[in-house]
Protein chains: 2
Amino acid sequence: MFNAKEFVENSLKDIQKIAGDRKVISACSGGVDSTVATYLVHKAVGERLVAVFINDGLRREGEAEFVVQTLKKLNIKTKYIDAKTEFFAVFKGKTDAEEKRKAFRDKFYKTLGKAAKEEQIEFIVQGTIKADVIETVKGIKSQHNVLEQIGINPESYGYKILEPLQDLFKPEVRKVARELGLPKEISERMPFPGPALSLRVLGEVTPEKIAVVRKATEIVEEETKKLGTFQNFAVLHNDKATGIKKGERVYGNIITVRIVDSTDAVTAKARKVPYEILSRISERITEEIPSVVRCLYDITDKPPSTIEFE
Amino acid sequence: MFNAKEFVENSLKDIQKIAGDRKVISACSGGVDSTVATYLVHKAVGERLVAVFINDGLRREGEAEFVVQTLKKLNIKTKYIDAKTEFFAVFKGKTDAEEKRKAFRDKFYKTLGKAAKEEQIEFIVQGTIKADVIETVKGIKSQHNVLEQIGINPESYGYKILEPLQDLFKPEVRKVARELGLPKEISERMPFPGPALSLRVLGEVTPEKIAVVRKATEIVEEETKKLGTFQNFAVLHNDKATGIKKGERVYGNIITVRIVDSTDAVTAKARKVPYEILSRISERITEEIPSVVRCLYDITDKPPSTIEFE
C-alpha cells in the first residue's frame, strides 16, 4: 500500500541530497504532476527553486492566470515567460502529429534551457510519472518529459533532470498532492498533455485554430464537470464538412468531443454520456463558435484508440 | 391527401404524351427515386425504355448486383456500364467537396449521354424529387439530378429530361413504389446519394479509401437495420489519428457513424442510438478494418449540420 506521507519524507531527503546547495528550475504547467513535483522541490530547497510558467499560447481559457496565481499562493518564486509567438512559429507548415510533438518539445526545452542559463541553474524538475515512462518505452507515444527514453541527452540543453515522481502512477500522485495540502483544483485536476491544445488541432496549428478548440474545450469542460470522468475534451479536425448556418450552405469546422474513464491513462473506456448532455454540448458548440457546423462523439476505447488524437 | 393510384394513372398518360413513340433512357441507381421513375416510364413506354446501371465503383457492397437483378426481375431492358476506372480518374487530385460533386456529375452525364447517343435516345429519365429542387435552389447542396437549377442545359449533353417525380416528397415516392408493387427492398430503401460513397470519403477519393468506407458502411447497416432510422452510414475522414494495434502505436483512419431520423431530408435529428449498438459498431469497425483506429458518432442535427458530410 502506497504511503504518501512516507513518500514525501523520503522524497524531500532525496531531493536535498541531489540538489545540494545548487539552484533548481521547474516548468510548471498547472497539471497535477508538474505542480506536485514543483511543490515538493520547493519544500526541499525553498528559495533555491524557481518555477517557470511558459505561456506557449496553447493553454486553455484562463489557465495561464490560474497557474501563476496558484504558484503565488504557494509562495513559490515564479517566472512567467511569454513565448506565444515563438511557439506558433515552430508549428508553421507542420501537419504530421509526431513532427508537431517534436517541434513543441524542442521549443519547450530550448525556452526552459535559456531561462535556466539566465538564472545559472543546473537542475530541471520534471513531473514525469511511471505511465509516461512505460508508454514512451513501448512506443505508444513520445512523452515530452521523458527525455532519455527518446534519445535526448538533457545535458545537451545545458542541465540535469530531477524527476521526483517517476515511480508513481497518477492515483499516487494525487495522494501526494492531498498529503501536501495542495488545493483541490490541483490534486483532482484532469490530466492535460504537455503540448496542450496543439495535440487537439489536427493538421497545422495556428492561433485561429487554437482559439476554436479553446472555446470548444471550455464548453465541454463546463457541461461535463459533474460527470467525474478521467478526461473530457474537444478536438478540432483539419477536415471540414458541409452545414447550414443562417439558412445558407457553408463548409465548416468539425469538433470531436472525447470523454473517457481511466485510472492510469494506460487503458481507457469511452464514457457512455447521456444524450441530453451530448446534445447540449453540440448545440452550444455550433451556436457559440460560428465556424463549427458539426460535433462528433468519440466512441472508441483505448486500445484500439489512444485518449488523445495525436 | 396524396393519392398514389391517381398519381400513377396521370403520370403514365403524361409520360406517354411527352415521349410519343421515341426511345427513353433511365439511369437507375437502385434508390427508391430512380427505380420508381424508371419503372413508371417502363410501364408507360414498355420496350422503348432502356435502363442503364452505371457502375462507378462507388456503390455499396453487393449493390451493383442487386440493382441489375432487380431490374431484370421487373422485366426492364437493362444496360450495364462498367465505368469504375473512368470515375476514379476524374477524382484524382480533387479534395474540395464541391469540386468532387461537379467531377462526379460531369462524368455521370457524359457517360449517360454517350449511352443515349449509342442507342439514339432523346429522353433521359431523372428521379428528381421536390426536396432536391428546393435545396438546390436554396443553395444547400447542388443535387446532381437537378440540371437546370445549377445552370446546366441538358440538351448540351444531347438529350431532354423527363422528371416524373419532381412534385413529390420522399414519403409520397414510397407510396407510389408500394402502389406499383415494387419489392420492399426498393420501396423502403434508405436514401443514398447520387455520388454514392464518394461523398463519404473526405478529401481525395481513391479505390483504397472507397474500400474502407464500403466495409464500414456494411457494418453500420448490419448493426442498425432494426432501428428503422431514415439514414445510417459511415464516413471516412481524411484526417488521421493515433491508435494502438497489436500493442504498437499506429497512425490510422477515423470513421464517423451517422444515424439520423427524418421524413424528407430537409431537416433531420441525430438518433440517440443505445451505446451497446455504438460500442459493437466501433469494435467491429476497428477489428475488421485494419487501418481504422477510431470511431466517432455524429451528434449534430440538420441544421446546423447536413445529413451528409459533403
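Letters A, B, ... are given to chains in the order of the sequence lines, protein chains preceding strands, and every chain is numbered from 1.
Looking at A:Leu278 and B:Tyr297, their side chains never come closer than 4.5 Å, going by heavy atoms from C-beta outward. A:Thr242 places none of its side-chain heavy atoms less than 4.5 Å from the side chain of B:Glu308. The side-chain heavy atoms of B:Lys245 and A:Pro303, taken from C-beta on, include no pair separated by under 4.5 Å.
Around NZ of B:Lys94, the count of heavy atoms belonging to other residues, nucleotides or ligands within 6.0 Å exceeds 12.
The NZ atom of A:Lys240 sits 12.0 Å away from the OG1 atom of B:Thr95 when rounded to the nearest 0.5 Å. Here the CG atom belonging to A:Leu202 is positioned 6.0 Å from the CD1 atom belonging to B:Ile254, to the nearest 0.5 angstrom. Distance CD/B:Glu283 to OG1/A:Thr300: 10.5 Å, rounded to 0.5 Å. The OG1 atom of B:Thr256 sits 6.5 Å away from the NE2 atom of A:His237 when rounded to the nearest 0.5 Å. With rounding to the nearest 0.5 Å, the separation of OG1 in B:Thr306 from CZ in A:Arg249 is 7.5 Å. In this structure, CD in B:Glu310 is found 9.0 Å from CG in A:Asp239, a value given to the nearest 0.5 Å.
Neither the backbone nor the side chain of B:Glu287 comes within contact range of chain A, judged by heavy atoms closer than 4.5 Å. Both the backbone and the side chain of B:Val273 come within contact range of chain A, with heavy atoms under 4.5 Å apart. At a 4.5 Å heavy-atom cutoff, B:Lys246 makes no contact with chain A through either its backbone or its side chain.
Scanning both residues, A:Arg294 and B:Phe309, for their nearest heavy atoms gives NH1-CE1, 3.0 Å. Pairing each heavy atom of B:Ile244 with each of A:Ser305, the nearest pair is CD1-O, 4.1 Å.
Taking chain A as the reference chain and counting heavy-atom pairs below 4.5 Å, the highest number among B:Ile281, B:Val293, B:Ile299 is found for B:Ile299.
The contact list for residues 213-224 of chain B toward chain A, using heavy atoms and a distance under 4.5 Å, is empty.
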